[in-house]
Colleague: 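After the structure tokens below, expect a handful of questions from me.
If you read the sequence from its start, that first residue is 1, and numbering goes on from there. Computation of the quantities below employed the complete heavy-atom set of this structure, encompassing side-chain atoms and omitting hydrogens, waters and symmetry-equivalent molecules.
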Amino acid sequence: MLLFFHPSGLCSSLLLLVIIFFSLCLFAPAKCQSSESKRTNYLKLKLLHRRALSSPFHIEEAIDDDSTRLLSLFATLSANITLKAPVVSGASLGSGQYLVDFRIGTPPQKLLLVADTGSDLVWVRCSACRDCSRHRAGSAFFPRHSASFAPNHCYSPACSLVAHPPHSRCNHTRLHSSCLYEYTYGDRSVSSGIFSRETATLNTSSGDLVHLRNISYGCGFRASGASLTGPRFAGANGVMGLGRGPISFASQVGSRFGNKFSYCLMDYTISPSPTSFLLLGDAQQRNMAPLQNMSFTPLRSNPLSPTFYYVGIRRVSVDGAVLAIDPSVWAIDDFGNGGTVVDSGTTLSFFLDPAYTEILRALERKVKLPRLERGVASLDLCLNASADEGTARARLPRLTFHMDGGAVFSPPVRNYFIEVAPGVKCLAMRRAEAGGSGFSVIGNLMQQGFLFMFDTERSRVGFSPAVCDAL
């Protein structure tokens, strides 16, 4: 039997199909993307590092910054405090950390935030100015100039995820009772203000812009403490927390982009410092050689420090010889001490004893270059490397970390023997002075030249040698 359609009925049917299609695109946009957009649909942010570690003065400054940071991180154990955009290191600005180029608000306002895998909260320095023409653009976020600024209500689910100032009360009967937050870091530095929602405008790997609405963040009107007001924070307008907690930027954006983020840190001892990148989303969908050759190790959990990215080290070798290190130093005990954290905000690498002592002794036995009688910048092993650069590098021993899951991390010598003065190379590691508590830290110098992927969905960390500026 033949079916005949009246022209008006055909038009109605086509109209219905069009409506259904656009409804699907509205409520399930992933289904309407092309295969090409799916392959490249991840965020790419610049990371900036502006201080080259080219003199003992800068090395000493980095060590001071690291010591302060480690005390802050270790304090979270005893106090139980949970703590294509470019990534730029703030080292030259005095912070010793990487800064991420972040645009927030409608229209977007450009700010530089410290990219920190050791904390959760995203917050920006805010100004309540009405006429902000006297304020330099980029010096703070001006919420009155943003059409998308929206404080979270004090009894909203989002507000329950942050700590509040003492004696603050929520008036459930008021329509506009804002969520007040007070976020304390391990060194007792504090950011406080209004926990709000905003639109972030970021670059994707395909070069397009994406607008991420309802990003929860702290609009910080007050900051106190050395970490947030001292010279090490100079040049930054806030912090992009990339930890494992629910309010971190990685967690908020991860639910939309595959619960993965990665970064590739370039050698910032070069001057001028090159641009590194922070990638948020499933970059594995793109056919990049480093991703095809990536080694993965499981993430370990520490209930007393749920923010940090812990990895498991099984053993350490120098030039292929396994060191006699008690395995308990790599384990997390019942008090949350021990274990190893991968951290973007620490420059050098720090190891608990007896691991540090064994590593130092093994390297001292293997080096063929003359040792300086007096160390530089309180580093324990410094060498006269004034010979030919290629020959000097060949004389330095190879350090390898064997991790859970069979992953092997073997950074190049330049990642842990760094030039601190012409013809002088020093070991970029120190003992973690934990005072009975703490953990080991793989710092950002050790991570240079590798693509590190943090896959929270599958609870693992991946790494692979990479040419960072080719990603």
Side-chain angles (χ1 to χ4, degrees), residues 40 42-50 84-91 95-102 112-120 122 200 202-205 236 239-244 248-254 257-270 273-286 288-291 293-297 299 307-311 341-347 349 407 409 411-412 415 441-457 460-471:
T40 59
Y42 60 90
L43 304 180
K44 187 175 183 181
L45 309 162
K46 288 181 181 178
L47 288 170
L48 311 173
H49 199 307
R50 296 178 179 172
K84 196 176 182 173
V87 170
V88 175
S89 166
S95 69
Q97 299 161 340
Y98 283 88
L99 301 178
V100 63
D101 186 1
F102 191 63
L112 286 176
L113 307 185
V114 173
D116 186 15
T117 56
S119 63
D120 288 329
V122 180
L202 304 171
N203 292 324
T204 67
S205 54
V239 175
M240 178 185 284
L242 294 169
R244 299 171 75 176
S248 80
F249 191 72
S251 297
Q252 293 189 62
V253 174
F257 289 89
N259 293 304
K260 299 179 182 68
F261 77 93
S262 50
Y263 54 68
C264 195
L265 306 180
M266 296 185 68
D267 186 353
Y268 60 78
T269 64
I270 300 172
S273 298
T275 298
S276 302
F277 286 94
L278 171 67
L279 313 175
L280 295 117
D282 194 0
Q284 271 193 302
Q285 292 182 353
R286 184 175 174 184
M288 293 190 291
L291 293 169
N293 301 313
M294 186 163 281
S295 298
F296 288 95
T297 186
L299 278 169
T307 292
F308 304 142
Y309 293 94
Y310 281 88
V311 294
V341 168
V342 179
D343 184 40
S344 65
T346 305
T347 302
S349 291
F409 179 49
N415 283 22
V441 177
I442 296 176
N444 58 48
L445 272 176
M446 192 77 79
Q447 300 173 47
Q448 287 183 162
F450 282 79
L451 179 65
F452 270 80
M453 175 185 286
F454 299 81
D455 183 351
T456 56
E457 187 168 87
R460 61 182 186 169
V461 174
F463 50 86
S464 176
V467 180
C468 297
D469 55 359
L471 297 178

Colleague: Is it true that a side-chain atom of Asp120 and a backbone atom of Ser248 form a donor plus acceptor pair closer than 3.5 Å?
Modeller: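 Absent.
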Colleague: What I'd like to find out is whether the side chain of Phe450 reaches to under 4.5 Å of the side chain of Ser464, using heavy atoms alone.
Modeller: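 With C-beta onward as the side chain, the pair stays apart.
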Colleague: Using 0.5 Å steps for rounding, measure from the CE atom of Met294 to the CG atom of Asp455.
Modeller: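 The CE atom of Met294 sits 10.0 Å away from the CG atom of Asp455.
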Colleague: Taking side chain to side chain donor-acceptor pair (under 3.5 Å) as the test, write out the residues that go with Asn259, two or more places apart.
Modeller: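 Per chain and number, Asn259 pairs via side chain to side chain donor-acceptor pair (under 3.5 Å) with Glu457.
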Colleague: Checking Thr456 now: which residues fulfil side chain to side chain donor-acceptor pair (under 3.5 Å) with it, not counting sequence neighbours?
Modeller: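 Thr456 satisfies side chain to side chain donor-acceptor pair (under 3.5 Å) with no residue once adjacent residues are dropped.
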Colleague: State which residues pass side chain to side chain donor-acceptor pair (under 3.5 Å) with Thr297; sequence neighbours excluded, sorted by chain then number.
Modeller: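 Here no residue qualifies.
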Colleague: Would a 4.5 Å heavy-atom cut-off, applied to side chains only, mark Leu265 and Tyr98 as touching?
Modeller: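 Leu265 reaches Tyr98 side chain to side chain.
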Colleague: What residues, two or more places apart in sequence or in another chain, satisfy side chain to side chain donor-acceptor pair (under 3.5 Å) together with Gln447?
Modeller: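 Listed in chain order: Tyr263.
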Colleague: Check Cys468 against Gly449 and note the closest heavy-atom contact, atom names and distance.
Modeller: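 Taking every non-hydrogen atom into account, SG-CA, 4.3 Å.
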Colleague: Closest heavy-atom contact between Ala115 and Ser344?
Modeller: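 So the two residues come closest at O-OG, 3.3 Å.
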Colleague: Which atom names give the shortest non-hydrogen contact between Gly243 and Ala250, and what distance separates them?
Modeller: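 That would be O-CB, 4.4 Å.
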Colleague: Mind checking whether Phe102 and Leu112 have side chains closer than 4.5 Å, heavy atoms only?
Modeller: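 Sidechains of Leu112 and Phe102: no contact.
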Colleague: Can you list the residues that meet the ring-ring contact (aromatic ring centres under 6.0 Å, His included) rule with Phe261, with sequence neighbours excluded?
Modeller: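 Testing Phe261 for ring-ring contact (aromatic ring centres under 6.0 Å, His included), a comparison that skips the adjacent residues, returns Tyr309, Phe454.
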Colleague: Please tell me if the side chains of Tyr42 and Lys260 come closer than 4.5 Å, counting only heavy atoms from C-beta onward.
Modeller: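 Not in contact.
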Colleague: Take Leu279 and Met453, measure what side-chain contact (heavy atoms from CB on, under 4.5 Å) needs, and give me the verdict at the end.
Modeller: CA-CA 9 Å; Leu279 313 175; Met453 175 185 286; over 6 Å; no
Colleague: I'd like to know whether Phe463 forms a side-chain contact (heavy atoms from CB on, under 4.5 Å) with Leu451, so could you lay out the CA-CA distance, the side-chain angles of the two residues, the decisive distance to 0.1 Å, and finally the verdict.
Modeller: CA-CA 5 Å; Phe463 50 86; Leu451 179 65; over 6 Å; no
Colleague: When you measure from the side chain of Asn415 to the backbone of Gln448, do you find a donor-acceptor pair of N or O atoms at a distance under 3.5 Å?
Modeller: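 A pair under 3.5 Å: yes.
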Colleague: CG/Asn203 to CG/Asp101 distance, rounded to the nearest 0.5 angstrom?
Modeller: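 It comes to 8.0 Å.
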Colleague: State whether the side chain of Ser349 and the backbone N or O of Met446 hold a donor-acceptor pair below 3.5 Å, judged by distance alone.
Modeller: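 Pair absent, no side-chain N/O of Ser349 close to backbone of Met446.
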Colleague: Between Leu43 and Phe257, is the side-chain contact (heavy atoms from CB on, under 4.5 Å) condition met? List the steps.
Modeller: CA-CA 8 Å; Leu43 304 180; Phe257 289 89; 3.9 Å; yes
Colleague: Side chains of Asp343 and Thr117: is there a donor and an acceptor less than 3.5 Å apart?
Modeller: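 On atom types as modelled, these side chains qualify, holding a pair under 3.5 Å.
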Colleague: Leu278 and Met240: which non-hydrogen atoms are nearest, and at how many Å?
Modeller: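 It is CD2-SD, 4.1 Å.
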Colleague: Looking at side-chain heavy atoms only, is the closest gap between Ser262 and Phe452 below 4.5 Å?
Modeller: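 SC-SC contact between Ser262 and Phe452 ruled out.
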Colleague: Using a 4.5 Å cut-off on heavy atoms from C-beta on, say whether the side chain of Thr347 contacts that of Asn444.
Modeller: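 Yes, close enough: below the 4.5 Å cut-off.
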Colleague: Using side-chain contact (heavy atoms from CB on, under 4.5 Å), reason through Val342 and Phe308 one step at a time and then give a plain yes or no.
Modeller: CA-CA 8 Å; Val342 179; Phe308 304 142; over 6 Å; no
